[in-house]
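So the structure is just underneath, and the comments pick up after that.
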Amino acid sequence: MLDIRILRQDLDSTVTALARRGFAFERERFLDLEARRKALQVRTQDLQNERNTRSRTIGQAKARGEDIEPLKAAVGELGAELKQCEQELQELQTELEDLLLQVPNLPDSGVPEGADESANVEVRRVGEPQPTSFEPRDHVDLGNPGGWLDFEAAARMSGSRFVVMRGEMARLHRALIQFMLDLHTREHGYQEVYVPYLVNANALLGTGQLPKFDADLFSVHGEQGFRLIPTAEVPVTNLMAQQIVDGTDLPLKMVAHTPCFRSEAGSYGRDVRGLIRQHQFEKVELVQIVRPQDSSAALEALLVDAEAVLQALDLPYRVMLLSTGDMGFAAARTYDIEVWLPGQQAYREISSCSSFGDFQARRMQARYRSEAGAKPELVHTLNGSGLAVGRTLVAVLENGQQADGSIVIPERLRPYLGGTERLVPPSK
RNA sequence: GGAGAGGUGGCCGAGUGGUUGAAGGCGCACGCCUGGAAAGUGUGUAUACGGUAAUCCCGUAUCGAGGGUUCGAAUCCCUCUCUCUCCGCCA
């Protein structure tokens, strides 16, 4: 969430900045709540001060063995108004807090302004789509033989937007995960972490999925109020919640492989075919916790780390800088990486890399000390997919396809498949 | 699931109703001492919010979380939560 102090000090420019990303801040309501809060807080604290002072006097009088009954009666008169004030103040503060939790992050300077993805800016294009002498098929057709990819079987037990993988396809999927984890841990300096897939509401509040986007999440029955993680960003970033770390320990670079669960409410009819948009998918996620002055450079570096996966797999892609209207709620700046899919003759998102400034850190009270004895300051958080595994599988299949339906495996991946150079569809 | 014991500052650890935001120790910061260092020694050392523009000053809140009792709660009562030990079950 935003620092309430910038709303107090620079309200107009903040409202303008929020409008750039299509958010209408309730300016008048905020001013009204703030004015009432301030008056009530002063009054409440005065009353508390009065009560504390008199109670102390009673204690002293009692110690001297004096009669304290008249004094007690006098304090008692404060009680009713104080209780009333405390209650109203708490309600006001809760209302103000709720208002702030609904406000998205401010876009970084340099983020292109626009209402939607049409205003996104292409940053670079790497690799060339390979021409084929035949009409390229999409991954659904390529994965059909032998039930490599079986959407019907998944639909019978779970419904749409699920998949069953078999044999070499399941193995290739697993190999991609291992490859990505090895690359990021061995070559990019990330520490691998294993984290819960069920989290509480507070964790989701910390990264910004709640309170606004509960409809996108799956909740689990039971008293604990668990929700399934929509991304490893939630549990990994929340490792920092309520923590104060030494500045010398930063940056923290972590990578996790987790399944991700998304309800995809409101996406009816979009990408209904194939693996692109599933309720359950695997992702390898990169998370960095850095000093504020390092976050810009860290985002560029994290982006390069994610791109390295595509380069290693010889997959053509482009990098897009998202416009204000296309960015997520908590992001200050976001790059999407889009991979070339011959089956769709289009670039499709395969990674999203964002910096959040102190927006998430403030929500989860994630702090560091710049030096021993210094005051704790909020860290900056970043994350990015490195990569979405299901979509990477799609890209490997579609870009590696041959006229006979076989799939040439990228060289860097072959050691993870026992040296297999090519997947040949089962004959039956 | 059953039984028991506990959650106090960056860490350890006192504290069962009254100037306790909290003894003492460790750690840390600064000073003294020293040729320099160690040892020794002195002082300081939580966070958030508000009054203010303010790193000073003043106030309020915070001893796992939330309620309650009381003039007054770290201390008493209730609920929840987490940790540990034993039993049961289980991968």
Side-chain angles (χ1 to χ4, degrees), chain A residues 1-14 30-101 194-206 220 222-227 235 238-250 358 361-379:
Chain A
M1 82 187 143
L2 301 182
D3 187 345
I4 194 168
R5 281 173 294 195
I6 72 164
L7 285 168
R8 291 184 186 132
Q9 290 163 18
D10 285 314
L11 182 58
D12 290 333
S13 58
T14 307
F30 173 75
L31 286 173
D32 174 59
L33 285 171
E34 260 293 282
R36 285 158 60 201
R37 188 226 90 230
K38 183 180 279 191
L40 197 56
Q41 181 164 345
V42 170
R43 178 65 185 151
T44 304
Q45 293 188 350
D46 280 349
L47 287 170
Q48 286 171 330
N49 185 14
E50 183 70 21
R51 179 203 60 196
N52 291 345
T53 306
R54 294 201 197 182
S55 291
R56 222 171 286 138
T57 310
I58 292 176
Q60 291 162 354
K62 192 180 175 188
R64 290 192 298 267
E66 297 170 7
D67 179 18
I68 58 173
E69 287 308 316
L71 293 170
K72 282 170 68 171
V75 190
E77 291 164 11
L78 291 174
E81 187 185 357
L82 179 56
K83 195 166 184 177
Q84 177 79 11
C85 282
E86 283 178 337
Q87 193 182 333
E88 281 180 28
L89 180 61
Q90 188 166 23
E91 285 167 9
L92 263 179
Q93 282 174 331
T94 302
E95 198 175 341
L96 210 43
E97 175 95 356
D98 288 348
L99 179 74
L100 282 180
L101 285 173
Y194 172 84
V195 290
Y197 305 155
L198 292 169
V199 295
N200 60 36
N202 201 43
L204 289 152
L205 199 76
V220 175
E223 294 169 6
Q224 300 98 327
F226 288 138
R227 286 170 181 77
N238 269 284
L239 286 169
M240 277 297 294
Q242 310 295 320
Q243 301 298 304
I244 301 174
V245 300
D246 282 347
T248 52
D249 292 336
L250 299 179
D358 60 15
R362 183 171 297 104
R363 287 173 165 240
M364 64 178 75
Q365 285 300 300
R367 295 174 293 177
Y368 80 106
R369 283 183 215 279
S370 55
E371 51 190 281
K375 271 185 159 316
E377 298 172 56
L378 296 171
V379 298

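Letters A, B, ... are given to chains in the order of the sequence lines, protein chains preceding strands, and every chain is numbered from 1. Please read all numbers here as calculations on a predicted model, not as lab measurements.
Regarding contacts with the backbone of B:G51, a side-chain N or O of A:Lys38 is found under 4.0 angstrom from either OP1 or OP2. Dashed line: the shortest gap from a side-chain N or O of A:Arg51 to OP1 or OP2 of B:A61 is under 4.0 Å. An OP1 or OP2 oxygen of B:A61 is reached within less than 4.0 angstrom by a side-chain nitrogen or oxygen of A:Asn52. For B:U60, the OP1/OP2 oxygens have a side-chain nitrogen or oxygen of A:Asn49 closer than 4.0 Å.
B:G17 and B:C32 have their C1' atoms separated by 44 Å, with the value rounded to a whole Å. For the C1' atoms, the distance from B:G21 to B:G10 is 16 Å, rounded to whole Å. Remark: the separation of the P atoms in B:A73 and B:G66 is 15 Å, to the nearest Å. Separating the C1' atom of B:C86 from that of B:U20 is a span of 37 Å, rounded to the nearest Å. When the P atom is compared between B:G24 and B:G42, the two are found 13 Å apart, to the nearest whole Å. For B:G72 and B:A65, the C1' atoms lie 23 Å apart once the distance is rounded to whole Å. Separating the P atom of B:G9 from that of B:U47 is a span of 14 Å, rounded to the nearest Å. B:C28 and B:A46 have their C1' atoms separated by 13 Å, given to the nearest Å.
Residues A:Glu88 and A:Arg36 form no side-chain contact, since every pair of their non-hydrogen atoms from C-beta on lies 4.5 Å or further apart. Side-chain atoms of A:Val245 and A:Met240, non-hydrogen and from C-beta on, do get closer than 4.5 Å to each other. Residues A:Arg37 and A:Glu95 have side chains not in contact (no heavy-atom distance under 4.5 Å, counting atoms from C-beta outward).
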Does the pair A:Thr44 and A:Leu82 meet the rule for a side chain to side chain contact (heavy atoms under 4.5 Å, CB included), with working shown?
CA-CA 6 Å; A:Thr44 304; A:Leu82 179 56; 4.3 Å; yes
Please test A:Glu50 against A:Arg54 for side chain to side chain contact (heavy atoms under 4.5 Å, CB included), starting from the C-alpha separation and ending with a verdict.
CA-CA 6 Å; A:Glu50 183 70 21; A:Arg54 294 201 197 182; 2.7 Å; yes
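Listed by residue number, the members of residues 2-13 of chain A with any heavy atom below 4.0 angstrom from RNA chain B are A:Arg8.
Interatomic distance, CE of A:Met364 versus CG of A:Leu239, reported as 9.5 Å (0.5 Å rounding). A:Gln84 contributes atom CD, which lies 9.0 Å from atom CG of A:Leu40 (distance to the nearest 0.5 angstrom). In this structure, CG in A:Asp46 is found 12.5 Å from CZ in A:Arg51, a value given to the nearest 0.5 Å. Atom NZ of residue A:Lys72 and atom OG of residue A:Ser55 lie 10.5 Å apart, to the nearest 0.5 angstrom.
Note: CG (A:Asn202) to P (B:G64) measures 18 Å, nearest angstrom. The CD-P distance, from A:Glu50 to B:A61, rounds to 13 Å in whole Å. Look at NZ on A:Lys83: it is 11 Å from P on B:C71, rounded to the nearest Å. Per the geometry, CG belonging to A:Asp46 stands 15 Å off C1' belonging to B:A61, to the nearest Å. Atoms CD (A:Gln41) and P (B:G51) sit 7 Å apart, rounded to a whole Å. Straight-line distance from the CG atom of A:Leu82 to the P atom of B:U60: 12 Å, rounded to whole Å. Here the C1' atom of nucleotide B:C28 and the CD1 atom of A:Ile244 are 14 Å apart, to the nearest Å. Taking atom CD on A:Gln90 and atom C1' on B:U62, their separation rounds to 14 Å, with Å as the unit.
Closest approach to the A:Ile58 side chain among B:U47, B:G18, B:G59 is made by B:G18 (side chain taken as heavy atoms from C-beta onward). Comparing B:G67, B:U60, B:G10 against the side chain of A:Arg369 picks out B:G10 as the nearest. Comparing atom distances between the A:Pro376 side chain and each of B:U47, B:C71, B:G50 picks out B:U47 as nearest. Side-chain proximity of A:Arg56 to B:G10, B:U19, B:A61: nearest is B:U19. Candidate nucleotides B:U19, B:G50, B:C71 were compared by shortest atom distance to the side chain of A:Gln60, and B:U19 ranks first.
When each of A:Ala73 and A:Gln93 is assigned the nucleotide of RNA chain B with its nearest heavy atom, A:Gln93 is the one assigned upstream, toward the 5' end. Between A:Gln48 and A:Gln365, the residue anchored nearer the 5' end of RNA chain B, judged by the nucleotide with its closest heavy atom, is A:Gln365.
Between A:Glu34 and the options A:Ile4, A:Leu7, A:Leu11, a side-chain contact (heavy atoms from CB on, under 4.5 Å) holds for only A:Ile4.
Pairing analysis of RNA chain B (Watson-Crick: purine N1 to pyrimidine N3 plus N6-O4 or O6-N4; G-U wobble: N1-O2 and O6-N3; both under 3.5 Å) yields stems of 3 or more pairs at B:1-7 with B:81-87, B:10-12 with B:24-26, B:27-32 with B:40-45, B:46-51 with B:57-62, B:64-68 with B:76-80.
With hydrogens and angles left out, the side-chain atoms of A:Gln9 and A:Arg5 include no donor and acceptor closer than 3.5 Å.
Note on A:Arg43 versus A:Glu81: salt bridge recorded, some NZ/NE/NH1/NH2 to OD/OE distance being below 4.0 Å.
Within 4.0 Å of A:Arg367, counting heavy atoms only, lie sugar-phosphate atoms of the nucleic acid but no base atom.
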